[in-house]
Amino acid sequence: MFLNTLLVVLTDLAAGLMGSANFRRHFHLFLSGLIVFGPALSMWVSQHSIFAKRTNFLYRAFLRSGWGWTCIFVGSFVFLLSFSVRRSLVLSLRHLSRLVVAGVLWVGFRKLLDVLENATGSCYEPLSVVDGQPTVDGQPFLLLREGASKQLCVGNGMLWRGYEVSEDIFLLCLCCLLVAEETAVFGPYLTLGGPSGAPLRLLFLFCVTLLGLWMFLLLCLLAYFPAFPTQILGGALGCLSWRGLYQGWYRLGPSWYCPGRPGVGLFTTKEGGKPE
């Protein structure tokens with residue numbers, strides 16, 4: 001009984017926060033500010049911290065598979081919420097298609113960024129001081145290697161330098177905004193008295209926890225591995241992707257070519273996704 005009461009209290013508080021108008025209106029601005037000013041934290045953090053190492057467990061377990069974790073938890077929440085309301089598999093799949101669209105966008109941009117980096121970059125071989133070569137400011141000279149691709153260059157232990165956009169920042173920014181959008185409907189849903197058993201509430205809390213983890217990893221990358229302007233570009237691409245989908249295309253309303261916004265067709269008939 002106590003655990004169930006605690007679950008209800010926590011989910012009600014979190015749903016009220018994420019469903020509030022101020023949170024939905026200003027969260028992307030907060031995230032943008034974090035990306036712009038987050039690298040300034042590098043002046044205060046310790047490079048001996050465990051988070052200053054790319055081999056950290058959180059980086060290995062969550063960062064590279066961030067899209068998979070987002071799909072598992074957010075997809076489960078969206079499906080259970082939609083199916084518990086309408087008992088329609090078609091409607092549930094339509095809402096899940098938003099994750100499919102975002103996934104296709106993520107993969108497409110990754111391919112495009114790889115092509116861009118390969119087209120604008122060059123391969124360099126560091127000349128070690130052990131070979132008797134001079135250095136500049138303690139850094140060895142770099143010997144240009146023509147005709148090498150990025151994969152071949154990095155595979156041979158050389159350096160690839162090109163026009164780069166941070167895929168990690170792009171992914172984390174997109175996942176944060178997606179989780180915030182998909183879970184924001186739970187507050188209005190509870191207000192309207194929708195069925196909310198323990199499994200649905202637990203999935204919602206998992207999504208909120210995942211959002212907190214993505215923001216923490218985002219802050220760690222900005223503070224411990226600052227890279228200007230690649231991280232700014234990655235964050236901008238993530239925000240533009242969210243705006244193009246959730247603030248643009250999905251506002252057209254559900255149809256054969258558009259899945260609609262979160263909440264549409266569940267407990268409201270309005271295309272804006274707000275309760276009537």
Side-chain angles (χ1 to χ4, degrees), residues 15 18-29 31-32 66-113 167 170-192 194-195 200 203-204 207-208 210-211 214 234-276:
M18 301 190 69
S20 66
N22 286 330
F23 179 87
R24 302 183 69 174
R25 188 178 299 117
H26 301 300
F27 178 69
H28 70 285
L29 297 178
L31 203 62
S32 300
W67 183 249
W69 287 108
T70 301
C71 286
I72 290 173
F73 287 108
V74 177
S76 300
F77 171 76
V78 170
F79 179 82
L80 186 58
L81 176 66
S82 57
F83 193 77
S84 64
V85 175
R86 296 298 185 185
R87 301 292 176 178
S88 171
L89 183 60
V90 174
L91 183 63
S92 299
L93 292 177
R94 176 168 66 79
H95 281 282
L96 282 177
S97 67
R98 287 192 298 271
L99 297 181
V100 177
V101 172
V104 171
L105 186 69
W106 157 239
V107 173
F109 271 126
R110 284 192 63 185
K111 298 294 184 182
L112 182 62
L113 294 176
E167 292 185 4
F170 169 41
L171 174 62
L172 290 175
C173 184
L174 179 60
C175 287
C176 285
L177 292 168
L178 185 146
V179 174
E181 285 283 352
E182 296 293 343
T183 56
V185 299
F186 197 54
Y189 172 80
L190 292 178
T191 301
L192 292 175
L200 183 59
L203 279 174
F204 173 72
C207 291
V208 174
L210 192 67
L211 175 59
W214 291 158
L237 189 58
C239 288
L240 288 175
S241 300
W242 161 78
R243 184 168 290 277
L245 292 178
Y246 285 89
Q247 301 296 314
W249 181 25
Y250 295 162
R251 284 183 177 270
L252 298 177
S255 62
W256 64 269
Y257 61 86
C258 179
R261 301 191 69 196
V264 174
L266 297 181
F267 45 90
T268 176
T269 57
K270 293 184 179 180
E271 293 186 355
K274 297 180 181 179
E276 293 180 327

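Because the structure is predicted, anything quoted here is derived from the model rather than measured. Only this structure's heavy atoms are used, side chains among them; waters, hydrogens and symmetry mates stay out. Numbering of residues begins at 1 and proceeds along the displayed sequence.
Here Arg25 pairs with Ala21, Asn22 under the side-chain contact (heavy atoms from CB on, under 4.5 Å) rule; sequence neighbours left out. Partners of Ser241 under the side chain to side chain donor-acceptor pair (under 3.5 Å) rule, at least two apart in sequence or in another chain, do not exist in this structure. Take Leu96 and apply the side-chain contact (heavy atoms from CB on, under 4.5 Å) test, not counting sequence neighbours, and it matches Val78, Phe79, Leu93, Leu99. Residues that satisfy the side chain to side chain donor-acceptor pair (under 3.5 Å) test with Thr70, not counting sequence neighbours, are Trp214.
In this structure, CD in Gln247 is found 7.5 Å from NE2 in His28, a value given to the nearest 0.5 Å. Rounding to the nearest 0.5 Å places NE2 of His26 at 13.0 Å from OG of Ser32. A distance of 11.5 Å separates CZ of Phe27 from OG of Ser20, quoted to the nearest 0.5 Å. Within the model, atoms OG of Ser82 and CG of Leu89 stand 9.0 Å from one another, a figure rounded to the nearest 0.5 Å.
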For residues 171-178, run the donor-acceptor check on the side chains, cut-off 3.5 Å, and write out each pair with its distance to 0.1 Å, sequence neighbours left out.
none

Could you give the side-chain donor-acceptor pairs of residues 101-108 under 3.5 Å, partners two or more places apart or in another chain?
none

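Classification of the Phe77-Phe204 ring pair by plane angle, with boundaries at 30° and 60°, yields tilted. Using the six-membered ring where Trp is involved, Tyr250 and Tyr246 have ring planes that are perpendicular, over 60° apart on the 30 and 60° scheme.
Remark: the backbone N or O of Arg261 is not paired with any side-chain donor or acceptor of Arg251 at under 3.5 angstrom. Between the side chain of Arg110 and the backbone N or O of Glu167 there is no donor-acceptor pair closer than 3.5 Å.
With a 4.5 Å cut-off on side-chain heavy atoms, Met18 and Leu211 count as touching. Using a 4.5 Å heavy-atom cutoff, the side chains of Cys207 and Glu182 are not in contact.
Contact between Gly19 and Arg24 at its shortest, heavy atoms only, is O-CD, 4.0 Å.
Counted within 6.0 Å of CH2 on Trp67, heavy atoms from surrounding residues, nucleotides or ligands total more than 12; the atom is thus considered enclosed.
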